[in-house]
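Worth saying up front: this structure is predicted, and the values here are computed from it rather than measured. Here, residue 1 is the first one in the sequence, and each next residue gets the next number.
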Amino acid sequence: MNIPEGLKYTKDHEWCLVEGDMVTIGVTDFAQSELGDIVFVEVETEGESLDREEVFGSIEAVKTVSDLFMPVAGEVVEFNEELEANPELVNSDPYGEGWMIKVKYTDADGLDELMSAAEYKEMIGQ
């Protein structure tokens, strides 16, 4: 299971790459492997400001649909439009080409509540 150091993680299996006041968000390798083949990613919140733990979109696999939750409060400034035509990028490269949104965060305190790679590994039993 690939769980890169240097990222932050949520209990809902999202990862966060913090760069200045921007956070890139996607789903973890663990999450995509549990979901199976991803067939659709929907994000209709671009341009909206959302609170931490609000739903920012959904991810659909062959057998299930799951909500995607905001790890931090902020404005969704970009959606990875590559996922519209190629949702399988979430399966093949969850931490790279399979990223989902970029958020300009408004609450730095929320970052402190995210897990380290070691804490996330422990949560999923790795």
[atom1]/[X] to [atom2]/[Y] distance, rounded to the nearest 0.5 angstrom?
X: Thr24; Y: Trp99; atom1: OG1; atom2: CH2; value: 6.5 Å
X: Tyr105; Y: Arg52; atom1: OH; atom2: CZ; value: 14.0 Å
X: Glu122; Y: Ile3; atom1: CD; atom2: CD1; value: 11.5 Å
X: Lys102; Y: Glu75; atom1: NZ; atom2: CD; value: 14.5 Å
X: Glu113; Y: Thr10; atom1: CD; atom2: OG1; value: 12.0 Å
X: Glu84; Y: Glu81; atom1: CD; atom2: CD; value: 5.5 Å

Please check if the number of heavy atoms outside [X] that lie under 6.0 Å from its [atom1] is greater than 12.
X: Glu119; atom1: CD; value: yes
X: Lys104; atom1: NZ; value: no
X: Glu44; atom1: CD; value: no
X: Glu54; atom1: CD; value: yes

Does [X] share a hydrophobic cluster with [Y], counting links as ILVMFWY side-chain heavy atoms below 4.5 Å and allowing steps through other members?
X: Phe40; Y: Phe79; value: no
X: Leu7; Y: Ile101; value: no
X: Met123; Y: Met1; value: yes
X: Phe56; Y: Val18; value: yes
X: Ile124; Y: Met115; value: yes

Identify the heavy atoms of [X] and [Y] that sit nearest to each other, and give their distance.
X: Leu35; Y: Ser66; value: CD2-OG, 3.5 Å
X: Leu17; Y: Gly6; value: CD1-O, 4.4 Å
X: Pro94; Y: Val27; value: CB-O, 3.5 Å

_Contact between Tyr9 and Leu114 at the side-chain level, heavy atoms closer than 4.5 Å - yes or no?_
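Contact flag for Tyr9/Leu114 side chains = no.
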
*Mind checking whether Val62 and Val39 have side chains closer than 4.5 Å, heavy atoms only?*
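Heavy-atom side-chain distance check passes, below 4.5 Å.
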
*asked:* Tell me whether the rings of Tyr120 and His13 are parallel (<30°), tilted (30 to 60°) or perpendicular (>60°).
replied: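 Perpendicular.
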
*Take the angle between the ring planes of Trp15 and Tyr95 and call it parallel below 30°, perpendicular above 60°, tilted in between.*
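Trp15 vs Tyr95 ring planes: tilted.
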
Keeping [X] on the side-chain end and [Y] on the backbone end, is there a donor-acceptor pair under 3.5 Å?
X: Asn80; Y: Glu97; answer: yes
X: Asp107; Y: Ala73; answer: no
X: Glu14; Y: Leu68; answer: no
X: Thr45; Y: Glu48; answer: no

*Could I get the full list of side-chain hydrogen bond (donor to acceptor under 3.5 Å, both in side chains) partners for Asn91, not counting sequence neighbours?*
Gln32

_Worked verdict on Met70 versus Val103 for side chain to side chain contact (heavy atoms under 4.5 Å, CB included)_ = CA-CA 9 Å; Met70 289 286 284; Val103 172; 3.9 Å; yes

*Criterion salt bridge (charged side-chain N to carboxylate O under 4.0 Å, His left out) on Glu53 and Lys11, from CA distance to verdict*: CA-CA 10 Å; Glu53 298 188 359; Lys11 66 180 177 10; 3.7 Å; yes

_Between Val72 and Leu111, is the side chain to side chain contact (heavy atoms under 4.5 Å, CB included) condition met? List the steps._
CA-CA 7 Å; Val72 294; Leu111 295 172; 3.5 Å; yes

_Among Leu89, Ile25, Val90, exactly one meets side-chain contact (heavy atoms from CB on, under 4.5 Å) together with Met100. Which residue is that?_
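It is Val90, the one option of Leu89, Ile25, Val90 that forms the side-chain contact (heavy atoms from CB on, under 4.5 Å) with Met100.
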
